[in-house]
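Keep in mind that the numbers below use all heavy atoms, side chains included, and drop hydrogens, waters and symmetry copies.
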Amino acid sequence: MSSGPLTAEDLTALRANLTEQRLFRQEQVAQLAAAATSREDALLRHRTPGQLEVSVQLAASARMVLADVEAALARMDEGRYGACHLCRGPIARERLEIVPQARYCARCQQVREAGR
């Protein structure tokens, strides 16, 4: 991808990346849900609280990332992809290449994280 505003080629590549991520996360969520309800899980109910917490956190994280990816695809469909939700400025192409579901530019993301 080149520098400057996102091109149609950039958007096509980013959409392909997001679509691949969505499929992966959908499979991951389904696998985690199936594992939680399987017969084997009945045998594993004696898991430690720490193991259970890890499973719950993995499932929650997978659902959150899936929601972020689906929201990014929706923004693409609406023509709002690549604009920061806070300052409305463009999100750097390099950032979108690394985190294609990013909602914030790097500066606004740092401000949000500092406020936590």
Side-chain angles (χ1 to χ4, degrees):
M1 293 185 192
S2 60
S3 59
L6 292 174
T7 66
E9 288 176 351
D10 294 337
L11 289 172
T12 298
L14 289 163
R15 181 180 294 277
N17 184 322
L18 286 165
T19 301
E20 185 177 316
Q21 281 192 51
R22 178 174 55 189
L23 290 172
F24 172 77
R25 294 301 175 175
Q26 287 171 333
E27 290 173 10
Q28 186 180 36
V29 167
Q31 288 171 358
L32 289 168
T37 59
S38 70
R39 286 188 181 173
E40 290 176 17
D41 194 60
L43 299 173
L44 298 174
R45 289 189 199 276
H46 300 291
R47 291 184 292 188
T48 67
Q51 290 169 321
L52 185 58
E53 179 67 21
V54 168
S55 296
V56 168
Q57 288 297 325
L58 278 173
S61 177
R63 284 191 302 272
M64 253 182 9
V65 174
L66 176 58
D68 286 346
V69 168
E70 289 177 339
L73 287 166
R75 289 192 302 276
M76 275 188 174
D77 292 342
E78 297 163 358
R80 299 183 300 112
Y81 182 78
C84 178
H85 281 213
L86 288 179
C87 71
R88 304 289 184 230
I91 300 173
R93 170 183 289 104
E94 294 78 15
R95 178 164 169 71
L96 291 171
E97 288 173 356
I98 296 166
V99 185
Q101 69 271 26
R103 294 174 189 258
Y104 307 102
C105 67
R107 186 177 56 81
C108 289
Q109 183 67 42
Q110 288 175 343
V111 168
R112 284 180 50 82
E113 289 175 4
R116 287 185 184 167

Side chains of Met76 and Leu14 in contact at under 4.5 Å (non-hydrogen atoms): yes
Closest contact, heavy atoms only, Gly82 versus Leu6: CA-CD1, 4.4 Å
Over all atoms of both residues, closest heavy-atom pair of Ala102 and Arg75: O-NH2, 3.3 Å
Presence of salt bridge, Asp10 and Arg15, under 4.0 angstrom: no
Check: Gln57 main-chain N/O paired with Ser61 side-chain donor or acceptor under 3.5 Å: no
Short side-chain donor-acceptor distance under 3.5 Å, Gln109 and Glu113: yes
Atom of Cys87, atom of Cys105 and distance for their closest heavy-atom approach: SG-SG, 3.8 Å
Nearest non-hydrogen partners of Ala72 and Leu18, listed with the distance: CB-CD1, 3.9 Å
Over 12 non-hydrogen atoms of neighbours within 6.0 angstrom of CD in Gln26: yes
side-chain contact (heavy atoms from CB on, under 4.5 Å) evaluation trace for Arg112 with His85: CA-CA 11 Å; Arg112 284 180 50 82; His85 281 213; over 6 Å; no
Test log, rule side-chain contact (heavy atoms from CB on, under 4.5 Å), inputs Tyr81 and Ile91: CA-CA 9 Å; Tyr81 182 78; Ile91 300 173; over 6 Å; no
Same apolar cluster: Tyr104 and Val69, side chain cutoff 4.5 Å: no
Arg107 CZ: over 12 foreign heavy atoms closer than 6.0 Å: no
Leu73 reachable from Leu11 in the ILVMFWY side-chain graph, under 4.5 Å edges: yes
Shortest non-hydrogen contact between Leu32 and Ala59, atoms and distance: CD1-CA, 3.6 Å
Leu66: which of Gln101, Gln21, Arg25, Gln28 passes side-chain contact (heavy atoms from CB on, under 4.5 Å): Arg25
Side chain to side chain, Glu9 and Thr12, heavy atoms closer than 4.5 Å: no
